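All figures in this text were calculated on a predicted structure; none of them were measured in a lab. Order of the sequence lines fixes the chain letters, A, B, ..., with proteins taken first and strands second; residue numbering starts at 1 for each chain.
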Amino acid sequence: MSAGVTGSTSTTESDLLLYVAHLDVGYGDTQVLWDVGMEVRRGEVVAMVGANGAGKSTLLTALSGLLPAWGGQVTFEGQDIARARAEHIAALGLIHVPQGRRLFAGLTVEDNLRLGAYTRRAGTERGIHEDLDRVYALFPKLRERRKQVAGLMSGGEQQMCAIGRGLMGRPALLLIDELSLGLAPIVVDDILAALDTIQKREQLSVLLVEQDVQIALERAHRGYVIENGRIVIQGSANELLHSPAVRAAYLGE
Amino acid sequence: MPRETSSTASNSPVAGSGPASGDATTTRAGRGWLWSLLGGLVILGGIAAIPTLGSDTLTSNWTIITMYIVLAQSWNFIGGFTGYSAFGNVTFFGIGAYAVAVSFLSNPKVISPYDPQRPQQFFIGLLAGVVISAIFAFLIGLPTLRLKGHYFAIATLGTSVAVEEIVTQRDVAGSGGLASPPFPPLSLHIAFYYGFVALALVCLLLTTWLARSKFGYALVAIRENEQAAQTLGIATTWYKVGAYVLSAIPTAIAGGIYAYYSSGFEPATVFTSSISVTMVLVTFLGGSGTVLGPIIGAIIFEYASQQFALSSGQATSVFGYHFGSDTLLGVAIIIVAIALPQGLVRVVQEFTRRPVAGGAGASGNSRANQFVEGVRRVRKFIAANGI
């Protein structure tokens with residue numbers, strides 16, 4: 001089953017969805033990312049793990065175009081997006097679920113979800129309606145709360161709403177920043193299970209950025225470890241999970 | 001290619017209970033907008049009927065009230081929907097006024113006040129005011145709308161002061177900007193009145209459209225969280241500039257009508273920051289970002305300040321200070337900021353809101369119960385947002 005969300009039969013063309021090389025990014029005079037190189041293939045879940053302040057969120061903000069790249073190369077679906085505007089990148093199907101959810105707090109859950117379908121990718125009213133059902137089926141809690149103001153929900157429900165909003169944009173690649181942050185482990189498990197379902201079903205590509213190394217590497221196919229703005233280790237998730245260096249640095253062994 | 005998901009997803013709501021998925025499209029924002037539109041039409045209809053009462057004082061009072069309705073409605077586009085506190089929208093009002101004055105003065109061949117070309121000059125002036133204001137809003141908006149919060153407010157405030165200074169120094173429409181163009185005496189004084197009413201009606205329709213359209217939702221998304229809006233593919237810069245231009249246009253037309261109505265004015269009267277502040281205040285008083293808020297806020301505040309000005313005309317002085325209508329403006333700002341930051345319309349909405357389905361289903365069966373429940377919600381609402 002090679003049903004890509006984009007609707008493209010992708011087996012023949014390049015499997016490379018996102019390709020990053022020699023990326024330098026910073027704020028003002030301060031450089032945060034140094035010579036970052038990474039890639040995400042179609043249907044793949046990739047984990048980007050690292051400590052607080054390592055540059056994980058900065059990488060995502062740069063990829064989604066909120067922060068201009070200083071130098072280097074970022075290619076998505078074969079297009080150079082290193083200097084593209086955020087709205088253009090979102091329209092290409094690279095959708096960012098930002099850290100801290102960043103919902104439209106004063107709007108209802110359903111309005112939040114609908115705004116996720118803002119780009120033309122999401123298509124007609126009927127398509128949007130179908131996607132709404134899809135998200136509600138994935139997170140039944142959201143259907144219960146659809147008329148509620150998003151800002152008044154629990155953290156877990158807000159995270160569901162944020163991911164649902166991301167899915168409404170029919171992503172080819174979903175960037176999820178710190179999914180587990182501030183949530184109870186059981187809630188995190190629920191959300192990850194739902195994400196797992198949809199990822200497998202639709203061959204969705206996901207870049208999971210996490211402080212919680214265990215959570216991220218358990219779900220991912222491959223992983224990168226970022227330290228002080230540089231990629232220091234990369235490999236299959238299993239390798240990383242059993243690498244003595246990673247275990248020593250992040251899993252307290 | 002058929003997606004497995006769409007079939008599973010569309011099966012589940014049929015099998016499951018709960019609200020049918022079918023109404024997801026139809027109840028999008030409820031029917032609230034329709035009631036707001038009807039309410040607005042009724043209010044404007046009532047205002048349109050006032051001149052038939054035959055009182056000149058009443059008519060001229062409500063001319064100004066209606067003008068403020070228009071100003072608040074147009075401020076609502078940038079301030080209410082988009083959430084950018086523009087404190088210099090009076091700039092466009094002044095530009096509109098001066099465009100009309102200059103238009104009348106620029107045609108010296110027309111000498112007789114009864115020349116048929118006169119009305120034409122007025123409409124040329126209005127059009128020029130609209131075009132200049134729109135271009136100006138675009139050029140000013142592009143850099144200033146990058147600023148956030150206080151910085152944007154201060155930048156826009158500065159703009160209005162700068163334009164006022166330029167008009168004064170360059171002797172636009174008269175020495176020191178003192179404009180008394182040869183407006184033909186208009187036997188139909190009521191024309192100004194209905195000019196403002198018509199403009200308010202257009203703004204009402206525009207606001208209702210905004211409250212439901214994709215464009216309007218994009219503006220609200222920017223207000224709620226600009227960065228998130230960007231990551232969803234909304235071209236925030238262009239939407240913000242668009243909202244700013246949209247708010248400049250009716251303001252400029254109102255300024256043009258006011259110019260004719262006032263028959264003579266100076267920079268200090270059509271560029272005064274108190275007009276800017278009033279736009280902001282009445283919109284917040286009524287409920288910013290709502291359809292009815294600016295209308296209701298403008299009526300309440302302007303009516304009250306006219307009454308206050310009347311009574312303070314009869315020497316309301318305390319400890320030797322005279323309290324004019326600006327005092328009321330100041331007091332109202334404090335009260336709205338402390339107690340009603342969400343505005344009157346939202347308080348009423350909170351009162352009439354039905355509890356979320358599935359929640360405590362014991363929604364009062366008796367009217368008295370509903371009333372008590374409503375009052376409790378409103379008190380909670382005010383406590384949560386104000387002091």
Atom CZ of B:F351: over 12 foreign heavy atoms under 6.0 Å: yes

Heavy-atom side-chain proximity of B:V220 to A:F104 below 4.5 angstrom: no

Spacing of CG belonging to A:L115 relative to OH belonging to B:Y217, to within rounding of 0.5 Å: 7.5 Å

Spatial distance of atom CD (A:E87) from atom CH2 (B:W238) [nearest 0.5 Å]: 10.0 Å

Closest heavy-atom pair and its distance - A:T119, B:G233: CG2-CA, 3.7 Å

B:Y151 atom OH, over 12 foreign heavy atoms within 6.0 Å: no

Residue B:W35 excluded, over 12 heavy atoms near CH2 under 6.0 Å: no

Interatomic distance, B:L232 atom CG to A:R102 atom CZ [nearest 0.5 angstrom]: 12.0 Å

Chain B contact via A:L103 - which portion, at a heavy-atom distance below 4.5 Å: backbone

Pick from A:G65, A:P140, A:A105, A:A162 with the largest number of heavy-atom pairs that fall under 4.5 Å of chain B: A:A105

Spacing of CG belonging to A:N112 relative to CD belonging to B:E224, to within rounding of 0.5 Å: 8.0 Å

Residue A:L107 versus chain B: region with a heavy atom under 4.5 Å: both

